[in-house]
Amino acid sequence: MNTTANDNLFSRLFDQLDDPSRLAIEELDGTRISYADLIARAGRMANVLVARGVKVGDRVAAQTEKSVPALVLYLATVRAGAVYLPLNTAYTLNELEYFIGDAEPSLVVCDPAKAEGVGKIAAKVGARVETLGADGKGSLTEAASQASPEFRTVPRENDDLAAILYTSGTTGRSKGAMLSHDNLASNSLSLVGYWRFTRDDVLIHALPIYHTHGLFVASNVTLFARAAMIFLPKFDPELIIKLMARATVMMGVPTFYTRLLQHPGLSKESTKHMRLFVSGSAPLLADTHREWSARTGHAVLERYGMTETNMNTSNPYDGDRVPGAVGRPLPGVSVRVTDPETGEELARDEIGMIEVRGPNVFKGYWRMPDKTKAEFRDDGFFITGDLGRIDGKGYVHIVGRGKDLVISGGFNVYPKEIESEIDAMPGVIESAVIGVPHADFGEGVTAVVVCNKGAPVTEASVLQALDGRLAKFKMPKRVFVVEELPRNAMGKVQKNILRDTYSKIYNK
């Protein structure tokens, strides 16, 4: 697969560059950065990292707002043979203490305003601190401006680590997923082909870059294709609709699509220059999928990935993009559904645990050998923790996280089935179904519903609409109507927070 002498992801991205003058990144202020510029910037930054004592295999932790220098830091870290550790910008100092203590980076990069607090934490593991602000300024870029652009990319093997990404940690402590150079390169190259990326593409990049979706999928796929990206600091519906006139692809989370649908400027005309809309990181409601198609003439391409595996499946570029499904396994990736108790593979359309195997699957959890062993089968399949089924056409359908499964009165209740019924009701925007402790049933099925302003949606009306459509054991014991559901930065509903909020309703 790799024709370069060096398996380093940076070498695989840039060594075979045929036209260094091509546009790689355009910033909001009109700054245009060519591939040659990007390589030179990564060289300068890599020289600074080495000068600051970063050695091959060292971790470089970064809690930085999105900017081109922040993206360059990722590329420079990999180029220098170190391991990139992006951290969510919302993490508090208390949370950072865990990540920095666990990963023991040799360098931590943060916003200048946080340097003092981060410095105290970094000192405990002997790490240096450099700064990088949202405006791209700080001690790191100041030093890089004086450094040489010449840097020999450090040789790395396919299995050497390129990054550690901590899982969101909705249960228990967060785990560091170890991703190799080949995990990232092979998955990106697979997506270039599957999604038909070419050098003529222009990506609207509005995702954060501390997460798999924005950092690895959006950025790496664009660069491997020799395409260009319009690099936005954040999601702005008004701006994105204007940019569609000269872009071809957008990658987003479901929130992007629901918010764009609320904009009067979204139409077949405003999206006619676009080739592809991709959604991931959280489930896209089937209704959103259908409404988007009706409004724009484009079918959103939904795919399925996770921190530990990059992308596993995708709806096809040509062929049916099925609402509510995440498509078929990507080339080279194997997906199966098994009985969570026995590990036996299940027949088509039976719900069980989704397991995946392929070059995209991570090397294990950082410094957690027992946890790593527990999450892998003997034949190399990774147990994702996601429940789902594979239909007769080979499409994967996710029904929820294993930990979200509700066991009420001894019966398994899959939240997605009930959520789909509730979401289809007039006036309902979305719902989340959870199980909370119940003295009689073990867990009581509980629905939390968001509806349109003024819609006559009540607990009684939801229960009445469900009556006769669901088996009695699946019926919610309670329904709560709220203004919004709690979400993490990537738009995933945080059911752990809902479970905490409603944990005492049946056992007061």
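For the pair N315 (side chain) and A325 (backbone), a donor-acceptor distance under 3.5 Å is present. A donor-acceptor pair is defined here as one N or O able to donate and one able to accept, closer than 3.5 Å; such a pair exists between the side chain of H273 and the backbone of A247. Using a distance-only test at 3.5 Å, with no hydrogens or angles considered, no donor-acceptor pair links the side chain of S431 to the main chain of I422. Distance alone, capped at 3.5 Å, places no donor-acceptor pair between the T288 side chain and the L284 backbone. Judged by distance alone, the side chain of S270 and the main-chain N or O of S267 form a donor-acceptor pair under 3.5 Å. Put simply, the side chain of K175 never gets that close to the backbone of Y166: no donor and acceptor are under 3.5 Å apart. Side-chain N or O atoms of D320 include none that pairs as donor or acceptor with a backbone N or O of V322 at under 3.5 Å. Side chain of T309 to main chain of G305: no donor-acceptor pair is present (N/O by atom type, distance under 3.5 Å, no hydrogens or angles). Under a 3.5 Å cut-off, the side chain of E355 and the backbone N or O of F382 do not form any donor-acceptor pair. A distance-only check finds a donor-acceptor pair linking the side chain of N183 to the backbone of S180 [under 3.5 Å].
Under the 3.5 Å distance criterion, with hydrogens and angles disregarded, a donor-acceptor pair is assigned to the side chains of Y304 and D386. Defined by atom type and a distance below 3.5 Å, a donor-acceptor pair is missing between the side-chain atoms of H289 and E302. In the model, T92 has a side-chain atom that pairs as donor or acceptor with a side-chain atom of E95 under 3.5 Å. H298 and K268 are not linked by any side-chain donor-acceptor pair at a separation below 3.5 angstrom, with hydrogens and angles left out of the test.
The two atoms that bring P329 and G394 nearest to each other are CD-O, 4.1 Å, heavy atoms only. The nearest pair of heavy atoms linking V406 to G435 is CG2-N, 3.4 Å. Between T89 and T64, the closest heavy-atom pair is CG2-O, 3.2 Å. Taking every heavy atom of both residues into account, I164 and G176 meet most closely at CG2-CA, 3.8 Å. Here the shortest heavy-atom pairing between E341 and D339 reads N-OD1, 2.7 Å. In terms of heavy atoms, I497 sits closest to P486 at CG2-CG, 4.0 Å.
Remark: M475 CE to S408 OG distance equals 12.0 Å, nearest 0.5 Å. Rounded to the nearest 0.5 Å, atoms CG (N88) and NE2 (H211) are 9.0 Å apart. Taking NZ of K363 as the start and CE of M178 as the end, the distance is 9.5 Å to the nearest 0.5 Å. Distance OG1/T222 to CD1/I25: 9.5 Å, rounded to 0.5 Å. Considering CE of M229 and CD1 of I204, their distance stands at 13.5 Å, rounded to 0.5 Å. Taking OG1 from T338 and CD1 from I383, the interatomic distance works out to 7.0 Å, rounded to the nearest 0.5 Å.
For the pair R275 and F277, the cation-pi criterion (under 6.0 Å, within 45° of the ring axis) is not fulfilled.
Of the listed residues (L165, L179, L161, L73), just one forms a side-chain contact (heavy atoms from CB on, under 4.5 Å) with Y84, and that residue is L73. Screening S279, P316, S314 for a side-chain contact (heavy atoms from CB on, under 4.5 Å) with L301, the sole residue that qualifies is S314.
We find that R487 and E430 are joined by a salt bridge, their nearest charged nitrogen and carboxylate oxygen being less than 4.0 Å apart. R499 has a carboxylate O that lies under 4.0 Å from a charged side-chain N of D404, or vice versa, which qualifies the two as a salt bridge. Comment: K272 engages E269 in a salt bridge, judged by a side-chain N to carboxylate O separation of less than 4.0 angstrom. Checked for salt-bridge contact, R367 and E104 meet the test: a charged N lies under 4.0 Å from a carboxylate O. A salt bridge links E419 to K495: at least one charged side-chain nitrogen sits closer than 4.0 Å to a carboxylate oxygen. Contact check on D318 versus R196 returns a salt bridge, with a Lys/Arg side-chain nitrogen under 4.0 Å from an Asp/Glu carboxylate oxygen. R478 and E459 are joined by a salt bridge, as a carboxylate oxygen and a charged side-chain nitrogen come within less than 4.0 angstrom of each other.
Ring-plane geometry between F362 and Y365 is classed as perpendicular, the angle between the planes exceeding 60 degrees on a 0 to 90 degree scale with a lower cut at 30. Relative orientation of the H438 and F441 rings is perpendicular, given thresholds of 30° and 60° on the angle between their planes.
Atom CD of E350 sits in a crowded spot, with more than 12 heavy atoms from other residues, nucleotides or ligands closer than 6.0 Å. Within 6.0 Å of CZ in R348 there are more than 12 heavy atoms belonging to other residues, nucleotides or ligands. In N452, the CG atom is crowded: over 12 heavy atoms of neighbouring residues, nucleotides or ligands sit closer than 6.0 Å.
Taking the centre of each ring, Y502 and F480 come in below the 6.0 Å mark.
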Evaluate ring-ring contact (aromatic ring centres under 6.0 Å, His included) for Y91 paired with F99, printing each intermediate quantity in order. CA-CA 10 Å; Y91 286 145; F99 297 118; 4.6 Å; yes
I would like to know whether D111 and K114 meet salt bridge (charged side-chain N to carboxylate O under 4.0 Å, His left out); could you show each step before the answer? CA-CA 5 Å; D111 190 274; K114 295 183 179 179; over 6 Å; no
Would you sort out whether Y210 and L87 count as a side chain to side chain contact (heavy atoms under 4.5 Å, CB included), showing the intermediate values? CA-CA 6 Å; Y210 52 70; L87 294 167; over 6 Å; no
Apply side chain to side chain contact (heavy atoms under 4.5 Å, CB included) to residues R321 and Y395 and explain how you reach the verdict. CA-CA 10 Å; R321 298 179 191 172; Y395 283 68; over 6 Å; no
What verdict does the salt bridge (charged side-chain N to carboxylate O under 4.0 Å, His left out) test give for E344 and R377, after you've listed the backbone C-alpha separation in whole Å, the side-chain angles of each residue and the deciding distance to 0.1 Å? CA-CA 11 Å; E344 292 294 312; R377 301 285 185 198; over 6 Å; no
Decide ring-ring contact (aromatic ring centres under 6.0 Å, His included) for Y257 and W292; before the verdict, give the C-alpha distance in whole Å, the side-chain angles of both, and the deciding distance to 0.1 Å. CA-CA 8 Å; Y257 294 98; W292 186 271; 4.9 Å; yes
I would like to know whether R328 and D391 meet salt bridge (charged side-chain N to carboxylate O under 4.0 Å, His left out); could you show each step before the answer? CA-CA 10 Å; R328 299 186 179 104; D391 68 20; over 6 Å; no
Y506 and T446: CA distance, side-chain angles, deciding distance, side-chain hydrogen bond (donor to acceptor under 3.5 Å, both in side chains) verdict: CA-CA 10 Å; Y506 300 117; T446 306; 2.8 Å; yes
Starting from the C-alpha separation in whole Å, work towards a yes-or-no answer on salt bridge (charged side-chain N to carboxylate O under 4.0 Å, His left out) for R336 and D379. CA-CA 12 Å; R336 69 188 182 193; D379 59 1; 2.8 Å; yes
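Residues Y414 and K474 are not in side-chain contact: their nearest non-hydrogen atoms beyond the backbone lie 4.5 Å or more apart. The closest side-chain heavy-atom distance from I230 to V202 is below 4.5 Å. M311 has its side chain within reach of T212: a pair of non-hydrogen atoms, C-beta onward, lies under 4.5 Å apart.
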